Amino acid sequence: MRLYKHRAIGMLLGLTLATTALAASETVITTTIYPDGSRQVDAKIVPREVPEALMSFAEADANGDGCVDAKEARDAGVLNIRPFAKTRKNCLSEAEYNEAVTAPTHAAN
């Protein structure tokens, strides 16, 4: 039982680390607990609908401060801004935002 739990955690960690900037899919983890106390954990990658066009920098910068923060980036479909935020921590300039939205997605499925 313990080995199975570690394998599921390892798989989840691997999926998390493999995710790139765009939210192309989501991971759904379901745990079923049976009356005898045994458990079954299932992980499934579900593709998300890809928007026809990504937001421009001006559209993504909702508060107009010249910086796309993590929340604004998530709203625009960019999951992880850390690899791209080089000028300011947790903030994307226009060039960094454009780099993030054009980064290739990870084909995990």
Side-chain angles (χ1 to χ4, degrees):
M1 181 60 138
R2 183 172 276 269
L3 177 63
Y4 187 72
K5 181 180 176 184
H6 289 286
R7 188 170 16 150
I9 292 170
M11 184 171 68
L12 177 61
L13 180 60
L15 291 172
T16 302
L17 294 175
T19 303
T20 58
L22 295 177
S25 64
E26 65 181 315
T27 304
V28 178
I29 298 176
T30 307
T31 303
T32 306
I33 302 173
Y34 296 101
D36 66 356
S38 62
R39 296 177 186 203
Q40 179 179 349
V41 179
D42 295 307
K44 183 166 91 173
I45 298 174
V46 180
R48 286 190 176 178
E49 187 176 317
V50 178
E52 290 211 13
L54 296 169
M55 289 183 180
S56 69
F57 179 80
E59 292 170 321
D61 185 16
N63 60 7
D65 65 353
C67 164
V68 174
D69 62 32
K71 183 187 179 320
E72 292 169 332
R74 274 193 306 279
D75 292 345
V78 179
L79 286 181
N80 186 7
I81 68 170
R82 285 184 187 152
F84 304 100
K86 298 172 182 119
T87 309
R88 291 172 48 193
K89 185 176 182 181
N90 297 322
C91 174
L92 297 176
S93 66
E94 186 168 2
E96 292 165 343
Y97 175 79
N98 291 333
E99 181 184 352
V101 297
T102 59
T105 60
H106 183 272
N109 29 356

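Remember, it's a predicted structure, so these values are computed and weren't measured experimentally.
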Which atoms form the tightest heavy-atom contact between [X] and [Y], and what is the distance?
X      : Y     : answer
Ile29  : Ala43 : CG1-CB, 4.1 Å
Ala73  : Ile81 : CB-CG2, 3.4 Å
Thr102 : Asn98 : OG1-O, 2.8 Å
Ala100 : Leu92 : CB-CD1, 4.3 Å

Just by distance, do the side chain of Ser38 and the backbone of Tyr34 share a donor-acceptor pair under 3.5 Å?
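Checked: no pair found.
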I'd like to know if the side chain of Asp42 reaches the main chain of Thr30, judged simply by a donor and an acceptor atom lying under 3.5 Å from each other, with no hydrogens or angles considered.
no
Pairing residues for Glu94 by the salt bridge (Lys or Arg N to Asp or Glu O under 4.0 Å) criterion, not counting sequence neighbours
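Checked Glu94 against salt bridge (Lys or Arg N to Asp or Glu O under 4.0 Å); zero matches.
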With sequence neighbours left out, which residue pairs that include part of residues 66-77 fulfil the salt bridge (Lys or Arg N to Asp or Glu O under 4.0 Å) condition?
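Sorted pair list: Lys71-Asp75.
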Roughly how far apart are Phe84 CZ and Cys91 SG, rounded to 0.5 Å?
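Spacing of CZ (Phe84) from SG (Cys91) equals 14.5 Å.
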Spatial distance of atom OG1 (Thr31) from atom CD (Gln40) [nearest 0.5 Å]
9.5 Å
Partners meeting side-chain hydrogen bond (donor to acceptor under 3.5 Å, both in side chains) with Glu96 (sequence neighbours left out):
Thr87, Ser93
Ala60: which residues meet the side-chain contact (heavy atoms from CB on, under 4.5 Å) condition with it, sequence neighbours left out?
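Partners of Ala60 by the side-chain contact (heavy atoms from CB on, under 4.5 Å) criterion, ordered by chain and then number, come out as Met55, Val68, Ala76, Tyr97.
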